[in-house]
Amino acid sequence: MTKIADYISKSARQNVLEAIKRANDKNEYHALLSLTEARALERADAVDRGEISGRLAGVPFVVKDNFLAFGAPTTAASRMLEGFKSPLQATAVEKLEAEGAICIGKANLDAFAHGGSTENSAFGPTLNAYDKTKVAGGSSGGSAVVTALDIVPFALGSDTGGSIRQPASFNGVVGVKPTYGTVSRYGVVAMASSTDTIGCFATDAADAELIMDIMAGKDDKDMTTLPNFFEPTAIKSGLKIGLIKDTMTDDVDADVRQVTSDYVARLKAAGHEVSDVAMPIAQHALAMYYIIVPAEVSSNLARYDGIRYGHRAEGVTSLAQLYGKSRDEGFVTENKRRIMIGSYVLSSGFFDAYYLQAQKARTLLINEFDKLFEEYDVLIGPTTPTPAFGLGENTADPVKMYLADIMTVPASLAGLPAISVPAGKSATGLPIGVQLVGPRRSDADLLALAKSMETA
Ligand code: GLN
């Protein structure tokens, strides 16, 4: 797979034309919803003329289509925003452009980022880069697949409960979900504001580190951003690493466990100390997540009423009908399911029993992580319980689909940095990723560890 360095100091126009050709040649994966060809070529010529320079001069990339970006509509893979032309760009995109990077297209996702397979896209699923009968993972499935297929050397995604890490794992690339607040969310369609993060896909940890270094930092347009703490760093030797044994039970696919154990063996060989840790509360994280996230979703999606924002239905005779029909037509089934669950858990009769309870449990989860990090530098486990599952395999059963998130949601609820690194393959040749989780603001340390393991 290519690296960012392979594109630097080449003709930017050539880089863009070749990336667009690869995208068109690999059209059958349906990883992209649109190309931003005209604008990309304009920017490429400006780079070639020396008018734009920087650490990513002339490097093509792709953004998930829930990032506001110029050159193509921002749809969030939904009918609700079909054809929506953005009046501004996301801060993350602006920062990459300021370094000379060139966005060539917008990647497919589960509509409004609700899902773990990209099958909830209103425009059809993305196929796995290694096996076209399998899902890409999600919700940032398109971004993972364009990186894995080498259409571009890196892509942006958002991760609310695993949407970068899980598809990264399913497609054999590095996926970074930073500490909550590391990268501005300004200009990214909101899903669940208390866990939404912006991160990236890359073919190795060094490239991911460069992208995070560029994107990280305080943004006056996003109150939740932290002052920049991200500082690329060297690997620390003799780390204390905890293998979360609750993620290595018999319910977990045997190949996934084997690949994880092999990675642990390599960590030990590299001089790190790895021991089993118990995290019994982790098994409840999924229940917390699927209360808290729908609650925030129902609130964030309230703005799409067909009047202020989004698709407006025709042929209606009352205001209530206008709201109802616009939302019915604009949202996919999974969006509606989350709005209903969210409205329910926030309703006056059930708020205490569900929402409040989930928030209390979330505090216990956060405390448990903090306690473990008093003793361990890093926690490790599989990124997902299985390799990529079949297209259509989990669509009839939402709970089965949600279970695929069981290993990624704990770090999201606690706001911790977590990255998925390619660690091996299943017997049938599907990629398997391992997840590294660290204390808040240890993002650069995790990437340093990942880098050292790529060469170990
Ligand atoms: N699969 C998870 C969900 O459906 C994660 C989604 C995300 O991170 N955007 O909520």
Side-chain angles (χ1 to χ4, degrees), residues 63-67 76-78 107-121 125-126 135-144 155-171 175-178 180 183 185 188-201 285-298 300-301 331-342 345 358 362 383-386 388-389 393-395 397-420 433 435 437:
V63 294
K64 187 178 182 177
D65 200 20
N66 58 348
F67 283 65
S78 73
N108 198 12
L109 64 148
D110 289 294
F112 286 101
H114 302 174
S117 68
T118 312
E119 292 169 293
N120 293 332
S121 166
T126 296
V135 298
S139 63
S140 317
S143 299
L156 300 192
S158 57
D159 188 314
T160 300
S163 277
I164 291 176
R165 291 161 283 160
Q166 187 251 32
S169 173
F170 281 5
N171 292 281
V176 180
K177 170 235 167 319
Y180 179 77
V183 179
R185 296 172 295 132
V188 181
V189 176
M191 178 177 169
S193 306
S194 78
T195 68
D196 282 350
T197 58
I198 306 306
C200 69
F201 297 87
L286 201 66
M288 301 169 207
Y289 178 87
Y290 278 100
I291 291 171
I292 293 166
V293 166
E296 296 183 24
V297 160
S298 70
N300 274 329
L301 293 187
F331 290 131
V332 301
T333 302
E334 185 60 28
N335 304 144
K336 294 174 195 173
R337 183 179 289 125
R338 295 194 188 206
I339 292 168
M340 286 195 288
I341 294 172
V345 299
R362 181 185 195 172
T383 307
T384 58
T386 64
F389 43 88
E393 195 180 316
N394 289 345
T395 41
D397 184 349
V399 174
K400 226 174 126 200
M401 188 71 96
Y402 296 166
L403 275 168
D405 303 328
I406 194 152
M407 291 158 176
T408 49
V409 298
S412 294
L413 289 168
L416 303 171
I419 65 182
S420 179
Q435 180 176 229
V437 183

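When a ligand or atom number is given, it counts from 1 through the structure's own listing order. Heads up: numbering here begins at 1 and tracks the sequence.
Taking any N or O of Met191, backbone or side chain, none lies under 3.5 Å from an N or O belonging to ligand 1. Considering backbone and side-chain atoms alike, Ser158 places every N or O at 3.5 Å or more from each N or O of ligand 1. Not a single N or O atom of His114, backbone or side chain, sits closer than 3.5 Å to an N or O atom of ligand 1. Considering backbone and side-chain atoms alike, Gly161 places an N or O below 3.5 Å from some N or O of ligand 1. Ligand 1 has no N or O atom lying under 3.5 Å from any N or O atom of Asp159, backbone or side chain.
Counted by atom type alone, Lys64 and Ser140 present one or more donor-acceptor pairs between their side chains at under 3.5 Å. Side-chain atoms of Thr126 and Thr118 form no donor-acceptor pair, as typed in the model, at a separation below 3.5 Å. Using a 3.5 Å distance cut-off with no hydrogens or angles, the side chains of Asp196 and Ser158 do not pair a donor with an acceptor.
Taking every heavy atom of Thr160 and a limit of under 4.0 angstrom, the matching atoms of ligand 1 come to 7 (C), 8 (O), 9 (N). Atoms of ligand 1 lying under 4.0 Å from any heavy atom of Gly116, numbered from 1 in the order shown and given with element: 1 (N).
If you look at Phe112 and Phe331, their ring centroids are closer than 6.0 Å.
Under the 4.5 Å side-chain criterion, counting only non-hydrogen atoms from C-beta, Tyr289 is in contact with Thr160. Put simply, the side chain of Met401 reaches to within 4.5 Å of the side chain of Thr395, judged on heavy atoms.
Of the candidates Pro294, Ala113, Pro167, Ser163, it is Ser163 that places a heavy atom closest to atom 8 (O) of ligand 1.
The closest approach between any non-hydrogen atom of Tyr402 and ligand 1 is not below 4.0 Å. The closest approach between Arg338 and ligand 1 falls below 4.0 Å for a heavy atom of the residue.
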> Hey, mind stepping through Ser194 and Arg362 against side chain to side chain donor-acceptor pair (under 3.5 Å) and telling me if it holds?
Replying inline: CA-CA 12 Å; Ser194 78; Arg362 181 185 195 172; 3.1 Å; yes

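Looking from atom 10 (O) of ligand 1 to the surrounding protein, the closest heavy atom is Tyr289 OH, 2.6 Å. Looking from atom 2 (C) of ligand 1 to the surrounding protein, the closest heavy atom is Asp405 OD2, 3.2 Å. Of the protein's heavy atoms, Tyr290 OH, 3.2 Å lies nearest to atom 3 (C) of ligand 1.
Atom-to-atom distance recorded for Asn335:CG and Met340:CE is 11.0 Å, nearest 0.5 angstrom.
Neither the backbone nor the side chain of Lys64 comes within contact range of ligand 1; no heavy atom lies under 4.0 Å.
Here the side chain of Thr384 pairs no donor or acceptor atom with the backbone of Gln166 at under 3.5 angstrom.
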